[in-house]
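Notes follow the structure.
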There are 2 protein chains.
Amino acid sequence: MLHISLNRDQEESLAEQIYHALKESIFSGNLKADEKLPSTRGLSEFLSVSRNVVMEAYEQLWAEGYLYAKEGSGTYVSDGICFERKEIAFPDKETPINDLLFPPKRVNFRTGVPDLNTIPIKRWGQIYKSVTETLDGTSLDYQNSFGMQTLRNQLSIYLRRVRGVSSRPENIMIVNGAAQAFSLLSRMVGKDEDVLVENPISQGIVYTLSSCGITMRTIPVDENGIVTAALPEKPPKLIFTTPSHQFPTGVVLSIKRRIELIEYARKHNCLIVEDDYDSEFRYEGNPIQSLQNLDPDRVIYVGTFSKILSPALRMGYLVLPECLVAEMQNEKYVADIHSPVLEQLTLAKFIEAGYLTQHIRKMKMIYLKRRNHLEACLKQKFGDAVSVTGTRSGMHLVAAFKSIVFDAELKKALNEKQILVTTLGDYFLDDGGNSAQAKKASDQALVIGYGNNDLRAIEEGVAGIAQVVNAFKRSKV
Amino acid sequence: MLHISLNRDQEESLAEQIYHALKESIFSGNLKADEKLPSTRGLSEFLSVSRNVVMEAYEQLWAEGYLYAKEGSGTYVSDGICFERKEIAFPDKETPINDLLFPPKRVNFRTGVPDLNTIPIKRWGQIYKSVTETLDGTSLDYQNSFGMQTLRNQLSIYLRRVRGVSSRPENIMIVNGAAQAFSLLSRMVGKDEDVLVENPISQGIVYTLSSCGITMRTIPVDENGIVTAALPEKPPKLIFTTPSHQFPTGVVLSIKRRIELIEYARKHNCLIVEDDYDSEFRYEGNPIQSLQNLDPDRVIYVGTFSKILSPALRMGYLVLPECLVAEMQNEKYVADIHSPVLEQLTLAKFIEAGYLTQHIRKMKMIYLKRRNHLEACLKQKFGDAVSVTGTRSGMHLVAAFKSIVFDAELKKALNEKQILVTTLGDYFLDDGGNSAQAKKASDQALVIGYGNNDLRAIEEGVAGIAQVVNAFKRSKV
């Protein structure tokens with residue numbers, strides 16, 4: 001008779017214990033192919049359990065194919081199941097996983113992250129709850145790949161009012177942050193086609209595009225934005241731009257150049273991607289009008305809530321020219337069918353109730369103070385040796401230093417003090433042209449993000465930079 | 001002097017009105033390149049507004065590049081801005097957009113959708129709100145592309161207990177539903193590689209894979225699942241399977257075939273994708289143990305909350321072999337950085353509090369009743385002319401009819417009565433082999449989903465089918 005030890009104090013039911021014991025015996029070869037098993041009555045008496053318990057175990061093994069039954073004769077072990085399973089070793093203790101994409105630093109001057117402690121997240125949670133209280137079943141079904149109509153209606157109104165974007169709800173597609181927008185757009189680029197990107201440029205976009213196998217050509221940027229005179233004869237499929245607030249230099253693309261860019265796109269039948277990542281935060285005057293407004297058929301407008309609310313929400317949107325609507329709807333379907341519904345409905349209510357406008361107004365005041373404080377701290381520590389640009393909007397600025405080169409050694413020294421900064425040079429793509437020279441010059445400039453740093457952190461950070469720079473200078477003497 | 005008509009009752013500020021009027025004049029060519037503008041003092045007196053208002057408008061135009069200033073001389077129109085903008089016509093009335101991916105039918109027997117009216121969505125909303133109440137700022141930052149640790153820990157425990165999946169939290173990746181899992185996995189397949197899929201198979205997976213440019217070869221399925229004897233000599237990169245509950249036939253892959261499949265994958269160095277879409281709902285005995293359990297290094301386990309909670313949440317996960325962890329982390333980063341954070345934290349709490357297990361238990365009872373009722377209705381209307389299979393788990397079954405062929409004409413007749421059904425034949429890929437024959441035979445079988453149909457809808461649906469079929473038969477006589 002089979003040896004099976006049962007433990008009546010265990011969470012596992014007796015039937016499950018018998019099931020596992022028999023299965024292990026079959027895997028290990030202790031029970032061999034075509035061997036006859038005891039009858040359910042016999043085994044239940046032997047184990048002092050009810051016959052139903054044994055029947056349950058047998059039935060599960062039969063359903064999974066471990067056993068077969070011969071009518072009137074009994075239950076047998078199937079053949080071909082002697083097998084050595086591959087086990088995963090579970091560590092005694094759980095390995096802690098770092099949830100954060102960017103490990104924390106003492107002072108982190110990274111760009112593109114908003115103040116994470118003033119997000120009205122409790123209000124958001126309340127609205128979400130209220131959404132779930134009045135929901136009908138159909139909202140919990142699969143939805144249109146473009147996203148929920150209420151949100152698209154709200155965005156259409158908001159974008160027209162605040163950004164001058166010409167957008168009908170039908171052309172707005174909800175995506176999981178701007179990152180997904182770029183990833184989906186890269187699928188519009190054919191094998192023999194390429195894209196044009198600004199130089200310097202956000203490292204995130206470069207990473208996404210290159211991971212998607214996209215070939216990039218670069219176009220330089222000066223104080224009026226993209227140098228349209230350098231637009232290539234052979235047109236790209238897409239032109240990636242940041243017209244309102246060039247990343248990272250902070251310059252605004254002038255209206256003259258905007259028109260030249262649109263005319264180029266019209267002439268060469270290519271499309272412009274307008275990445276409008278943080279233009280809501282403009283400190284002097286109103287936000288710069290969108291490029292999309294000049295020609296909605298030539299410009300793909302990409303917006304995100306990562307900078308005005310939180311990156312953790314993964315919410316963004318595309319305003320698409322009519323010619324891309326069907327194609328992009330299909331790409332979104334293939335990628336993940338549609339974005340999560342409940343947070344879309346929450347955002348629609350959040351915008352409709354005026355909380356978004358209210359939050360932006362509040363954050364503009366906070367960021368303005370931080371910007372002013374950052375400028376003041378830099379002036380205080382470096383005096384005339386520093387000049388600051390790109391300050392009119394957004395959550396970062398560019399600080400150019402006379403006679404300080406942030407080379408690998410100096411950066412390492414800053415890193416050791418847990419101060420994270422990047423240089424303007426870090427954002428240059430080496431295209432083999434004169435960007436190499438531009439890149440070198442820009443190693444004297446830091447790109448300093450202040451979105452998620454309060455006044456004290458800004459002070460501490462600038463003091464830290466000054467300290468490291470001075471110590472470094474002395475060590476060179 | 002310029003003609004600008006101001007309206008003091010408008011929402012738009014006076015400065016904005018002046019800004020827009022000047023801009024339009026420049027675009028239209030009424031104000032020409034290098035034309036001198038009136039002084040701010042002059043224009044403000046002329047328009048009877050404060051000088052600050054005019055200065056605000058001029059500054060915005062200057063920032064955007066419409067105007068340039070000559071020191072001591074005044075403000076001039078920039079050149080190159082005469083331009084005809086492309087306008088989007090906004091319809092007088094908003095076009096209603098259909099939110100739903102699948103338009104409603106009177107009776108919809110589609111598969112893969114749970115009961116949308118018994119989802120504990122209010123409880124979900126409460127938990128979400130409680131998550132937002134105790135959140136710290138770092139949870140609102142960018143996160144690890146694999147997803148939140150608390151959820152991965154909960155899933156690891158849940159999967160080990162309920163599905164026998166060997167999963168450490170480090171190998172679990174949170175994605176936006178199984179659709180994103182398949183889309184990301186398709187990126188593992190090289191240009192000269194292909195994948196093997198079961199025939200018949202879910203249309204959604206076929207659509208995703210083919211849209212991603214993946215070449216598919218098929219392998220037949222019989223009453224014991226994939227016919228392992230038909231595994232090809234030239235190995236594919238991935239083998240897509242539904243071992244617990246083959247879609248759509250509902251058969252269980254026998255343990256013997258499971259072992260043969262694993263041994264084939266080991267020998268040919270390929271990977272098996274286990275799509276475990278609805279195995280939680282098993283009506284006789286416990287859920288079938290996962291294939292992944294036999295060899296976690298050879299099997300990629302794909303799970304989803306679309307069937308046990310709601311498709312609208314877009315929540316799913318992958319349990320990855322160690323060899324794919326780094327690569328898939330990168331693919332998820334490129335696709336959309338990570339899945340939304342707050343609903344991940346909500347789901348972790350939902351599982352931890354036991355609500356998931358409770359909901360599954362409840363739904364199993366509901367679906368069991370529906371299945372029994374569906375079987376009874378079919379028997380009542382069709383008697384011995386119908387035989388039902390694939391009923392042991394999930395939310396659909398296969399009903400094979402003697403002497404009724406659901407050809408295009410009959411399907412059209414059903415569709416006209418607003419009854420949506422699919423035939424088993426609809427799920428066959430034509431691979432040029434004997435699947436064509438199999439497909440034809442399966443046009444006598446319907447795949448009937450009952451997840452989102454209550455007892456009345458089931459009754460109405462079966463009666464409707466009987467009515468249409470009988471009318472159709474009569475019309476043929």
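Each chain gets a letter, A, B and so on, in the order the sequences are listed, and its residues count up from 1. In this text, all values refer to a predicted model and were calculated from it rather than measured experimentally.
Proximity to chain A involves both the backbone and the side chain of B/N293, based on heavy atoms less than 4.5 angstrom apart. Interface remark: B/R161 contributes side-chain atoms only to the contact with chain A (heavy atom separation under 4.5 Å). Neither the backbone nor the side chain of B/R298 comes within less than 4.5 Å of any heavy atom in chain A. Heavy atoms closer than 4.5 Å to chain A are found in both the backbone and the side chain of B/S211. Only the side chain of A/E16 comes within contact range of chain B, with at least one heavy atom under 4.5 Å from a heavy atom of that chain. Interface residue B/P287: only backbone heavy atoms are found under 4.5 Å from chain A. Of the atoms belonging to A/V252, it is side-chain heavy atoms, and not backbone ones, that fall under 4.5 Å from chain B. For A/T208, the parts sitting under 4.5 Å from any heavy atom of chain B are the backbone and the side chain alike. For A/L135, the part sitting under 4.5 Å from any heavy atom of chain B is the side chain, from C-beta outward, and nothing else. Using a 4.5 Å cut-off between heavy atoms, A/I262 contacts chain B through its side chain alone, with no backbone atom that close. Looking at A/F146, neither its backbone nor its side chain comes within 4.5 Å of chain B, counting heavy atoms on both sides. Residue B/S130: no heavy atom, backbone or side chain, is found under 4.5 Å from chain A.
When all heavy atoms are compared, the tightest approach of B/G137 to A/N117 is CA-OD1, 3.4 Å. Counting all heavy atoms, side chain and backbone alike, B/I288 lies closest to A/E64 at CA-OE2, 3.3 Å. The two residues A/L140 and B/S310 have their closest heavy-atom pair at O-OG, 2.8 Å. Looking at every heavy atom in both residues, A/P296 comes nearest to B/K86 through CD-O, 3.0 Å. Between A/S139 and B/A312, the shortest heavy-atom contact is O-CB, 3.4 Å. When all heavy atoms of B/R282 and A/A63 are compared, the pair lying nearest together is NH2-CB, 3.2 Å.
Judged as a side-chain hydrogen bond (donor to acceptor under 3.5 Å, both in side chains), and not counting sequence neighbours, the contacts of B/D295 are B/R266.
Paired with A/R314 under the rule side-chain contact (heavy atoms from CB on, under 4.5 Å), one option of B/I337, B/V341, B/L342 passes, and it is B/I337.
Here A/Q60 is the residue among A/E59, A/E56, A/E11, A/Q60 with the most heavy-atom pairs under 4.5 Å with chain B. Note on B/E322, B/R187, B/R257, B/E284: by heavy-atom pairs under 4.5 Å with chain A, the leading option is B/R187. With chain A as partner, the option from B/E84, B/K129, B/E12 having the largest number of non-hydrogen pairs under 4.5 angstrom is B/K129. In terms of heavy-atom pairs under 4.5 Å with chain B, the best-connected choice from A/E331, A/M315, A/K23, A/E260 is A/K23. Comparing A/L294, A/T118, A/I81 by heavy-atom pairs within less than 4.5 Å of chain B, the highest count is held by A/L294.
In this structure, B/R258 and A/F83 have side chains that are not in contact, with every pair of non-hydrogen atoms separated by 4.5 Å or more. Taking 4.5 Å as the limit, some side-chain heavy atom of B/N330 sits within range of a side-chain heavy atom of A/Y207. Side-chain contact check for A/L101 versus B/H338: every heavy-atom pair is 4.5 Å or farther apart. Looking at B/S306 and A/Y142, their side chains come closer than 4.5 Å, going by heavy atoms from C-beta outward. Contact of the A/P340 side chain with the B/E343 side chain is registered, since non-hydrogen atoms from C-beta on lie closer than 4.5 Å. Considering only heavy atoms from C-beta on, A/D336 stays 4.5 Å or farther from B/F182 through its side chain.
Rounding to the nearest 0.5 Å gives a distance of 7.5 Å between OG of A/S339 and CG of B/N176. For the atom pair B/L100 CG and A/T138 OG1, the distance stands at 5.5 Å (nearest 0.5 Å). Distance check: B/Q180 CD to A/Q180 CD gives 7.0 Å after rounding to the nearest 0.5 Å. Interatomic distance, OG1 of A/T134 versus CD1 of B/I121, reported as 11.0 Å (0.5 Å rounding). Annotation: the span from B/D141 atom CG to A/I119 atom CD1 amounts to 9.0 Å, rounded to 0.5 Å.
Donor-acceptor pairing under 3.5 Å is lacking for the side chains of A/Q289 and B/Y19. Judged purely by distance below 3.5 Å, without hydrogens or angles, the side chains of A/Q126 and B/Y128 never pair a donor atom with an acceptor atom.
Applying the salt bridge (charged side-chain N to carboxylate O under 4.0 Å, His left out) test to every pair with at least one member in residues 114-123 of chain B, sequence neighbours left out, gives these pairs: B/D115-B/R370.
With respect to A/D79 and B/K256, a salt bridge is recorded, a charged nitrogen being found less than 4.0 Å from a carboxylate O.
In terms of modelled atom types and a separation under 3.5 Å, the side chain of A/Q143 and the main chain of B/P311 share no donor-acceptor contact.
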